[in-house]
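Single-structure report; data block below.
Chain naming here is simple, since letters A, B, ... match the order of the sequence lines and numbering starts at 1 in each.
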Amino acid sequence: MLQLQAIREQKDEIIIALKKRNVDATPLLENVISLDDKRRDVQTKLDNTLAESNKLSKEIGMLFKSGKANEATILKERTVTLKEDSRTFQEELNTVAEELQALLYQIPNVPHPSVPAGNTDEDNEEIFREGDIPKLVDGALPHWELAKKYDIIDFELGVKIAGAGFPVYKGKGARLQRALIAYFLDKNTAAGYQEIQVPHLVNEISGYGTGQLPDKEGQMYHVTEDDLYLIPTAEIPITNIFRDTIVNQKDFPITYTGYTPCFRREAGSYGAHVRGLNRLHQFDKVELVRVEHPDNSYAALDGMVEHIKGILRELKLPYRILRLCGGDLGFTSALTFDFEVFSTAQDRWLEISSASNFEAYQTNRLKLRFKDENGKSQLAHTLNGSSLALPRVLAGILENYQTENGIKIPEALVPYCGFDIID
RNA sequence: GGAGAAAUGGCAGAGUGGUCGAAUGCGGCAGUCUUGAAAACUGUUGAGGGUCACACCUCCGGGGGUUCGAAUCCCUCUUUCUCCGCCA
């Protein structure tokens, strides 16, 4: 959520910046400002009424104490109208505050100056590419065929148990999955991230804290009986650890890594481009979350990008990094780098990681602050990145490492798997 | 799931209708003392709104109510603890 103060002071700059998202925020921002004016006005009226009322109450108390009941009774009558007024102002204030809140929820984060203009993923800017695209044997298969051939992932069985998009991993497929999780967590903890295990269901307030609600309501599975949401990403539970907290500046950087399954409804997205592991309702992901001093958040983002690069390099997968354009940028993000692995057999790039700086957008909702040198509370910055989304890494490995004799296991994973080929 | 108890500042813990944003202790910060540190002593120390700065307003788990006045009384929700039941 953008800060009111920023909206008031830099309205025009924000409008121009939001144009990169193809959003004309002019009416929205003007509405916000006029509502905030109104809010202040009503708040002042309410405060004054309450102040007078408080004063009278004190006087009445004193009079009663000194036995002047008659005078007290006279004063009491004066409180009647004050009470009515304060009730009216309070209701008005609640209404205005609610409207204001609803408007603020609709405004996406302001893109970083480096974010390129553009509408779709076509306009994303490739900033880095590394790794050789392997020359595959004739008759190279896409991963869903390989999964069947070697009997390591069973999509039909998942349909039987839960539905489409819930694959069952079997044998070496399951083991490879577990190996990847352990490998990623090891890489992350070696880089200083603290490992953590968090709930896979979250309450509504947590969903608002990180910005999935109300923006992506339909993307999440909702358990109505208990009013809980299945997490679409570990970002929600991990970041919400810090909701309503004032952290110590000395604790920066705060870094966490956690593995969770992720659940996404992906309503309406069916077809050839979501075959196999490309898009699922349930998948595994190891996530990175950082809470940073505002002065350091972009350096931290760069560091996160370098860290993820190191993992892909070690896995020897061909990948590229994109700077997302305004139209493709997530609602809450100021700057996002996507990582894509080249899927040779499918001849397309698959998004496997995404690293974002949310600046103070989430922390403003979370009330996540720190005390600066002057003892003033300031909003911290939050970042996150996937390291990595398992299914597409798996797809990349299966497709790029296939040989006539079977699927080779990347060297770095062999100790985790206990085998070096799937055949 | 049933019965009972509780929820107060970073922590512990007073406060049961009026001057309580809240005693006290610990912790934190600053200072005195010390070569330095510890101890001791002194001061300071919640958050938000509002203001140039004050004033002023709000917050004692959340929401609602009673009252001129609520941390204190009532209702409700949530959470925690104890006992019973059930059960990985």
Side-chain angles (χ1 to χ4, degrees), chain A residues 1-9 32-104 197-209 213 222-229 237 240-252 254 291 360 362-380:
Chain A
M1 200 161 64
L2 299 185
Q3 289 163 268
L4 260 173
Q5 200 190 347
I7 293 176
R8 299 190 72 100
E9 288 170 5
V32 163
I33 292 173
S34 77
L35 265 178
D36 189 45
D37 287 338
K38 193 171 166 195
R39 196 209 92 229
R40 289 183 191 205
D41 180 51
V42 177
Q43 179 82 61
T44 306
K45 286 183 189 159
L46 176 64
D47 286 355
N48 291 341
T49 313
L50 288 176
E52 201 175 330
S53 173
N54 287 345
K55 219 170 88 190
L56 274 180
S57 289
K58 275 182 192 169
E59 284 176 30
I60 291 169
M62 307 248 249
L63 288 172
F64 270 121
K65 266 197 176 160
S66 50
K68 296 173 182 165
N70 285 344
E71 289 178 43
T73 313
I74 294 165
L75 281 189
K76 262 195 194 183
E77 282 168 23
R78 281 176 54 195
T79 64
V80 176
T81 46
L82 286 176
K83 215 176 165 183
E84 280 169 10
D85 288 350
S86 68
R87 197 167 296 217
T88 312
F89 290 140
Q90 183 66 62
E91 279 167 15
E92 204 177 331
L93 182 66
N94 291 347
T95 310
V96 173
E98 235 170 78
E99 283 174 40
L100 186 58
Q101 188 63 254
L103 284 185
L104 287 171
Q197 293 195 9
V198 289
H200 300 166
L201 280 81
V202 293
N203 55 25
E204 190 179 32
I205 194 165
S206 297
Y208 274 93
L213 291 175
H222 186 208
V223 183
T224 48
E225 184 83 12
D226 301 288
D227 200 15
L228 294 170
Y229 293 86
N240 270 279
I241 290 170
F242 298 99
R243 173 157 41 82
D244 288 320
T245 53
I246 299 178
V247 299
N248 199 321
Q249 196 170 181
K250 284 181 290 198
D251 296 336
F252 288 134
I254 297 169
V291 181
Q362 292 184 326
T363 54
N364 192 28
R365 290 192 182 187
L366 292 162
K367 305 259 179 298
L368 164 48
R369 294 158 294 177
F370 69 96
K371 289 255 196 243
D372 66 19
E373 301 75 15
N374 306 318
K376 283 200 73 176
S377 302
Q378 258 195 65
L379 294 172

Assigned partner base of rA70(B), Watson-Crick or wobble definition, under 3.5 Å:
none
For D47(A), all residues meeting salt bridge (Lys or Arg N to Asp or Glu O under 4.0 Å), sequence neighbours excluded
none
Sort out the partner of rA88(B) for me: Watson-Crick or G-U wobble, both distances under 3.5 Å, none otherwise.
none
Taking atom C1' of rA70(B) as reference, at what distance in whole Å does atom CD1 of I60(A) sit?
15 Å
Quiz: residues 79-86 of chain A side-chain donor-acceptor pairs under 3.5 angstrom, not counting sequence neighbours:
unit_1, atom_1, unit_2, atom_2, d
T79(A), OG1, K76(A), O, 2.5
T81(A), OG1, R78(A), O, 3.4
S86(A), OG, L82(A), O, 3.4
S86(A), OG, K83(A), O, 2.9

Tell me which residues in residues 45-54 of chain A lie within less than 4.0 Å of RNA chain B, going by non-hydrogen atoms.
D47(A), L50(A), A51(A), N54(A)
On RNA chain B, does the nearest nucleotide to L56(A) precede the nearest nucleotide to T44(A) from the 5' side, or the other way round? Give the residue.
T44(A)
Non-neighbouring partners of Y229(A) that pass ring-ring contact (aromatic ring centres under 6.0 Å, His included), sequence neighbours left out
H222(A)
For atom CZ of R369(A) and atom P of rG49(B), their distance in whole Å
8 Å
Output all residues satisfying salt bridge (Lys or Arg N to Asp or Glu O under 4.0 Å) with D41(A), sequence neighbours left out; order by chain, then residue number.
K45(A)
In whole Å, measure the gap between the C1' atoms of rU34(B) and rU24(B) for me.
30 Å
Output one letter per nucleotide in nucleotides 72-81 of chain B: B when a protein non-hydrogen atom lies under 4.0 Å from the base, S when only the sugar-phosphate is that close, - when neither is.
----------
Tell which nucleotide pairs with rC59(B), taking only Watson-Crick or G-U wobble pairs whose two distances are both under 3.5 angstrom.
rG46(B)
Quantified in whole Å, what is the P atom distance between nucleotide rA6(B) and nucleotide rC75(B)?
13 Å
Roughly, in whole Å, what's the span from CG in D244(A) to P in rC59(B)?
17 Å
Could you check whether T79(A) gets within reach of a base, just the sugar-phosphate, or nothing at all, counting any heavy atom under 4.0 Å?
sugar-phosphate
Indicate, with a heavy-atom threshold strictly under 4.0 Å, whether S377(A) touches base, sugar-phosphate, or nothing.
sugar-phosphate
In whole angstroms, the gap separating P of rU67(B) from CG of L75(A) amounts to 18 Å
Who pairs with rC54(B) - Watson-Crick or G-U, where each distance is under 3.5 Å
none
What pairs meet the side-chain hydrogen bond (donor to acceptor under 3.5 Å, both in side chains) rule with one or both residues in residues 51-64 of chain A, with sequence neighbours excluded?
none
Suppose you measure atom C1' in rG65(B) against the same atom in rG15(B); what distance do you get, rounded to whole Å?
23 Å
Residues forming a ring-ring contact (aromatic ring centres under 6.0 Å, His included) with F242(A), sequence neighbours excluded
Y256(A)
Between rG43(B) and rC33(B), how far apart are the two C1' atoms, rounded to whole Å?
15 Å
Which sits closer to the 5' end of RNA chain B, K250(A) or K76(A), going by the nucleotide each is nearest to?
K250(A)
If the condition is salt bridge (Lys or Arg N to Asp or Glu O under 4.0 Å), which residues does D37(A) pass it with, not counting sequence neighbours?
R8(A)
Counting only Watson-Crick or G-U wobble pairs whose two distances fall under 3.5 Å, which nucleotide matches rU78(B)?
rA7(B)
Contacts of type salt bridge (Lys or Arg N to Asp or Glu O under 4.0 Å), residue R243(A), not counting sequence neighbours
none
When the C1' atoms of rC60(B) and rG46(B) are considered, how many whole Å apart are they?
12 Å
In whole Å, measure the gap between the C1' atoms of rA7(B) and rU16(B) for me.
16 Å
Among V32(A), N364(A), I7(A), which residue satisfies the side-chain contact (heavy atoms from CB on, under 4.5 Å) criterion with L2(A)?
I7(A)
Taking the P atom of each, how far is rG9(B) from rC77(B), in whole Å?
24 Å
Here the distance between atom P of rG18(B) and atom CG of L63(A), to the nearest Å, is 16 Å
Nearest-Å distance for atom pair CD/C1', residues Q43(A) and rU51(B)
13 Å
In whole angstroms, how far is the P atom of rG18(B) from the CD atom of E59(A)?
18 Å
Which parts of residues 92-101 of chain A get close to RNA chain B, meaning a heavy atom less than 4.0 angstrom away?
none
CG/L100(A) to CG/D36(A) distance, rounded to the nearest 0.5 angstrom?
5.5 Å
G-U wobble or Watson-Crick pairing nucleotide for rU19(B) (cut-off 3.5 Å, both distances):
none
Choosing from rU66(B), rG49(B), rC68(B), which nucleotide comes nearest the side chain of R87(A)?
rU66(B)
Taking the same atom, P, in rU79(B) and in rG69(B), what whole-Å distance lies between them?
32 Å
rC41(B) pairs with, by Watson-Crick or G-U criteria that keep both distances under 3.5 Å
rG31(B)
Roughly how far, to the nearest 0.5 Å, is CG of L93(A) from CZ of R40(A)?
13.0 Å
In terms of side-chain heavy atoms of R40(A), which of rU51(B), rU19(B), rC68(B) is nearest?
rU51(B)
Would you mind listing every side-chain hydrogen bond (donor to acceptor under 3.5 Å, both in side chains) that reaches into residues 88-98 of chain A, with sequence neighbours excluded?
Q90(A)-N94(A)
